[in-house]
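Accompanying notes for the structure given below.
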Amino acid sequence: MYGPEFAADPAAVYRRLRASGPTAPVELAPGVRATLVTGYDAALHVLRSPETFSKDPRHWRDLADGTVPPGSPVLPMMTYRPSALFTDGGEHARLRGAVTDTLARVDAGTLRGYAERSADTLIDRFAPLGTADLLGEYAQVLPLLVFDRLFGCPAGHGVRLVEAMSGMFDGVDAERAHALLTDTLSDLITLKRRRPSADLTSWLMEHPAALTDEELIHALAVLMGAGTEPQQNLIANALRLLLSDERFAGGLSGGTLEIEDALDEVLWTDPPIANYAVHYPRHDTVYEGTPLRAGEPLVVSLAAANTDPALTGTRSAGNRAHLAWSAGPHTCPAQGQARLIASVALERLLDRLPDLGLALPVGELTWRPGPFHRALAALPVTFSPVAARSGTRPPGPGEGEGTGQPPSSAPFVPSTGEQPAVEVPAPGHGTAPGHGTPRGAWARTAAWWRGE
């Protein structure tokens, strides 16, 4: 599941694996064995049965006995961390409670305002050119602009976070990527200990769960990990569908209904996290005649489960019974915010550039290898050049559109008097070899936050 063949056509692999039943043996990386859950009912059974299937990787037998090769590229995504993602029972409830309570403080109207203004800022950079890579210049960067606000990040942190998360999902120098992520979040926590403000990082730190610094690092890693790599994939995969499927060809400009339908379809057929939700049987068990060994990783294929032939006819518009957000006690707690950001990204782009089109046939787009995600390497487009809007910048303090809040009560605004600096890629710059992720030639644009 780690080669370019799988990345190019995972659906064909899922079809072949289903011949073995709702579960099948796979290799996530060289020497890393697992069982992939491909059936929808089987996936729900695993996700909703914490008494039988644990999320704690300390049950992983092959890792404990040395079968998994040291330095395997999947280890940063699968080994134990003290976070809600890798715990069960009371410890999971404590760690998840801190995350969900913190997310509940996010004002949807203000979040929409940040996303709208950030989208306009990015579109202004390439709108006069008539061409763009909507992955590297838009889908990847927009969540960064929003997240720098939400988490109160200083200059450079967003770029480091994307580089770290991309490396971990791709399995490209994953240990270095994980170290970069840990160092970046440690720096952020140190800063917020000195100067707390009205942002998600500070709110997590003040939560009654009293998270340790290590727990804070991994809580932030889960939140930011879900909000960078998967968020950009959701936006890019939805854009690919909107620009290539004739069902969405009419009335795209400002077409809220079409956009929501496209998001639903992508979450069913090309979810941004395709295979993850790793569980470990607590004891030897049998599912529909297939023995499952205690401590053997069960990787839930959210993509394969969603396209299970047994579900034919159930994926109509508005049906959101897909598993893109997982299910059970580990259901994604930020799905509302993620969907809002993606909707705004699509609405703003299609409204500003109504004749947007792919720059090459959809079949020639390439996908980044990796067992866990469904991620395009690039999304080149063309359109009629339009002038940038004057004065566009990401929202400043109290500027969440549609909130009705005065500046003094707007969330996410640092109380230190400093505006978070942001880095975005300059149009036309290259991408990192191997996976299409921009890493160099980033233009610093802190002045946007100050309105200059």
Side-chain angles (χ1 to χ4, degrees), residues 55 81-115 118 143-154 157-158 161 164-165 181-182 184-231 234 273 325-326 328-342 344 395 397-398 400 403 405 408-416 420:
K55 285 283 288 178
R81 310 273 189 263
S83 79
L85 192 61
F86 299 114
T87 50
D88 303 307
E91 188 66 0
H92 169 256
R94 181 180 75 89
L95 295 171
R96 182 181 172 92
V99 170
T100 54
D101 291 348
T102 298
L103 287 171
R105 298 179 69 171
V106 176
D107 177 78
T110 304
L111 178 60
R112 171 174 283 276
Y114 291 158
S118 298
L144 281 187
L145 298 180
V146 176
F147 268 49
D148 274 356
R149 266 295 183 196
L150 291 180
F151 290 91
C153 293
H157 272 51
L161 287 169
M165 294 310 305
L181 176 67
T182 301
T184 303
L185 295 178
S186 295
D187 290 347
L188 179 60
I189 290 169
T190 300
L191 171 66
K192 293 301 173 181
R193 289 258 184 242
R194 294 197 307 265
R195 295 196 296 270
S197 46
D199 54 55
L200 287 173
T201 307
S202 300
W203 293 339
L204 265 176
M205 294 170 65
E206 68 185 38
H207 191 273
L211 303 185
T212 66
D213 279 5
E214 185 182 18
E215 290 170 341
L216 279 169
I217 287 173
H218 296 297
L220 289 169
V222 169
L223 282 169
M224 292 185 175
T228 52
E229 175 76 22
Q231 183 77 64
L234 177 57
I273 298 297
W325 310 115
S326 191
H330 289 270
T331 302
C332 174
Q335 54 188 279
Q337 290 91 342
R339 187 170 182 119
L340 188 154
I341 293 170
V344 169
T403 65
Q405 297 182 4
S408 60
S409 64
F412 320 139
V413 180
S415 60
T416 63

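Small disclaimer: the values here were computed from a predicted structure and weren't measured.
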Shortest non-hydrogen pair, Ala115 vs Val146, comes out as CA-CG2, 3.8 Å
Between the CG atom in Leu95 and the CZ atom in Phe86, the distance rounded to the nearest 0.5 Å is 12.0 Å
Going through the checks in order, is the side-chain contact (heavy atoms from CB on, under 4.5 Å) test met by Leu185 and Leu181? CA-CA 6 Å; Leu185 295 178; Leu181 176 67; 3.9 Å; yes
To the nearest 0.5 Å, atom CG of Leu188 lies from atom CZ of Phe151 at 9.0 Å
Across all chains, not counting sequence neighbours, the salt bridge (charged side-chain N to carboxylate O under 4.0 Å, His left out) partners of Asp101 are none
Ser202 meets the side-chain hydrogen bond (donor to acceptor under 3.5 Å, both in side chains) criterion, sequence neighbours left out, with Asp199
dist Ile273:CD1 -> Glu229:CD (nearest 0.5 Å) comes out at 6.5 Å
Gln335 meets the side-chain hydrogen bond (donor to acceptor under 3.5 Å, both in side chains) criterion, sequence neighbours left out, with none
When rounded to the nearest 0.5 Å, the distance separating CG of Leu150 from CD of Gln337 is 8.5 Å
Heavy-atom nearest pair, Met224 first then Cys153, reads CE-SG, 4.1 Å
With Leu204 as partner, the option from Leu211, Ile189, Leu103 fulfilling side chain to side chain contact (heavy atoms under 4.5 Å, CB included) is Leu211
Taken in chain and number order and not counting sequence neighbours, the residues that satisfy side chain to side chain contact (heavy atoms under 4.5 Å, CB included) with His330 are Lys55, Asp88, His92
Closest non-hydrogen atoms of Ala342 and Leu234, given as atom of the first, atom of the second and distance, are CB-CD2, 3.8 Å
Note: Pro143 and Gln231 closest approach over all heavy atoms is CG-CG, 3.6 Å
Taken to the nearest 0.5 Å, the spacing of Leu340 CG from Leu111 CG works out to 5.0 Å
For Thr190, the side chain to side chain contact (heavy atoms under 4.5 Å, CB included) test, sequence neighbours excluded, returns Arg194
Just do the side-chain contact (heavy atoms from CB on, under 4.5 Å) check on Arg193 and Leu216 with the steps written out, would you? CA-CA 12 Å; Arg193 289 258 184 242; Leu216 279 169; 3.5 Å; yes
Rounded to the nearest 0.5 Å, the OH atom of Tyr114 sits from the CG atom of Asp148 at a distance of 12.0 Å
Sorted by chain and number, sequence neighbours left out, salt bridge (charged side-chain N to carboxylate O under 4.0 Å, His left out) with Glu91 holds for Arg94
